[in-house]
There are 2 protein chains.
Amino acid sequence: MEKLTIPKKSIYRISIYLRCLGRLIENEIETVSSTALAKAAGVKPAQLRKDIAHFGQFGTRGLGYSVKDLYSEIKSAMGGSNYHRVILVGVGNLGSALLRYQGFMREGYQVVSSFDAVPQAVITKGLPVPVLAVDQMEPYIRENQIKIAILCVPREQAQEVTNELVAAGITGILNFSSSVLIAPDHVTISCVDLALELENLSYFVS
Amino acid sequence: MEKLTIPKKSIYRISIYLRCLGRLIENEIETVSSTALAKAAGVKPAQLRKDIAHFGQFGTRGLGYSVKDLYSEIKSAMGGSNYHRVILVGVGNLGSALLRYQGFMREGYQVVSSFDAVPQAVITKGLPVPVLAVDQMEPYIRENQIKIAILCVPREQAQEVTNELVAAGITGILNFSSSVLIAPDHVTISCVDLALELENLSYFVS
DNA sequence: TGGTGTGAAGTGGTTCACAGCA
DNA sequence: TGCTGTGAACCACTTCACACCA
């Protein structure tokens, strides 16, 4: 795919624009200028235009962008029309909290199954998703062609489980395990480390 | 403070180094080279040395760094010896999940109180932390000199609550609200947006 | 006139490569 | 010899500023 030329940071911001545009659609606003949208997204107008230009030219000079057009163009360029099935690995404290919460799952995303080393330990918790044993993980991923996994196992097992996930065909990992993961280049890893975020914050609070 | 010259990204990585060093101490390893530590942290050796150099010179040429010395130097430079009291605002689904979980709270950090617009709605959930009404928030922050807040309110209220927090003296916000927050420069905001992370991932998974 | 699209300039952070010291 | 500390080169992204067009 040729889309690899778009910088990672742009992609990230574009996700933000997409969300802002969605809100504009809800409010039935039809046109938006780069200045207005940039303000909503918390970036500079020029940057927004550059980001959007990666996908092509959608704006009308003197007027701005058509909210609907821009939304659907970006959405399709991001492959966002696809339906994404996601698995969660490691149903401990954090894992089960996330499964129960799921407030971050948007339209088009669904946690279809979860896996744990000791599934019987958690099976009674009344979770909205089946909890299977880890030895069923690889076949499950293969058969259902899952691409994205949420990783909530303890640090000690994180790398090992990652290796299994990658071997089974996972190419995107949302890593909650406070561990530095090593994976091939074609695998994208996003780390969410709350302890790190807090520690980082505490440096800046005078 | 003069420490503002250290780039944000360096600070973030230094938090990672600190964690790696902690693990080395546990394993009673006394000396580490930039190459080894960089590998553990997932960065390049030169970058690690540059990062560390921001605080001064701690290494011994030809040998490496003393694990203990480096750890305590960084820790003190980061103001990490302080005890950090943190509040959580918005005890909804996500907020209460975080309160119950708290696995991300490390030594030196504690959620001392939480606030919600409708505290009686959540007060029975058996949380390990008191839930107060939002109108008690400002005085609480002032009296206890809280500096860090975890923000879990719905998007619509996020900016308003942020303004109150800042007015009361908060200078660090961990923002879970999937909202772009506007705040003065002296306030540091870290966004944790799981929906965004997922959307972002889904772009890269082929 | 007003707002996009974009080459060019600027900025910040990364990597290199080597001097210098135990 | 081995590894740190660091100026210099490099690179990626950001911002500017203006041509161009509805």
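Every chain is numbered from 1 and lettered A, B, ... according to where its sequence line falls, protein lines coming before strand lines.
At the heavy-atom level, A:Lys50 lies under 4.0 Å from base atoms of the strands shown. Note on B:Gly62: a base of the nucleic acid sits closer than 4.0 angstrom, heavy atoms only.
Atom-to-atom distance recorded for A:Ile182:CD1 and A:Asn163:CG is 8.5 Å, nearest 0.5 angstrom. A distance of 6.0 Å separates OG1 of A:Thr188 from CZ of B:Phe204, quoted to the nearest 0.5 Å.
Between A:Phe176 and A:Leu194 there is no side-chain heavy-atom pair separated by less than 4.5 Å. Taking 4.5 Å as the limit, every side-chain heavy atom of A:Val187 sits out of range of all side-chain heavy atoms of A:Leu165. B:His84 is not listed as a side-chain neighbour of B:Gln110, based on a closest heavy-atom distance of 4.5 Å or more.
Where A:Ala53 and B:Lys9 each meet DNA chain C at their nearest nucleotide, the meeting point lying more 5' is that of A:Ala53.
If you look at B:Phe104 and B:Tyr109, their ring centroids are not closer than 6.0 Å.
For the pair B:Lys8 and A:Tyr203, the cation-pi criterion (under 6.0 Å, within 45° of the ring axis) is not fulfilled.
Salt-bridge formation is not detected for the pair A:Lys44/A:Asp51: no Lys NZ or Arg NE/NH1/NH2 atom is positioned less than 4.0 Å from an Asp or Glu carboxylate oxygen.
First and last contacts of DNA chain C with chain B, using any nucleotide atom under 4.0 Å from a protein heavy atom and ordered 5' to 3', fall at C:dG13 to C:dA22. Extent of DNA chain D lying under 4.0 Å from chain B heavy atoms, first and last nucleotide in 5' to 3' order, is D:dG2 to D:dA8.
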Q: Assess whether side-chain contact (heavy atoms from CB on, under 4.5 Å) is satisfied between A:Cys152 and A:Leu88, documenting all intermediate values.
A: CA-CA 7 Å; A:Cys152 304; A:Leu88 185 146; 4.3 Å; yes
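Taking every heavy atom of residues 20-37 of chain A and every atom of DNA chain D, no pair lies under 4.0 Å.
Between the side chains of B:Ser34 and B:Arg49, at least one donor N or O lies within less than 3.5 Å of an accepting N or O.
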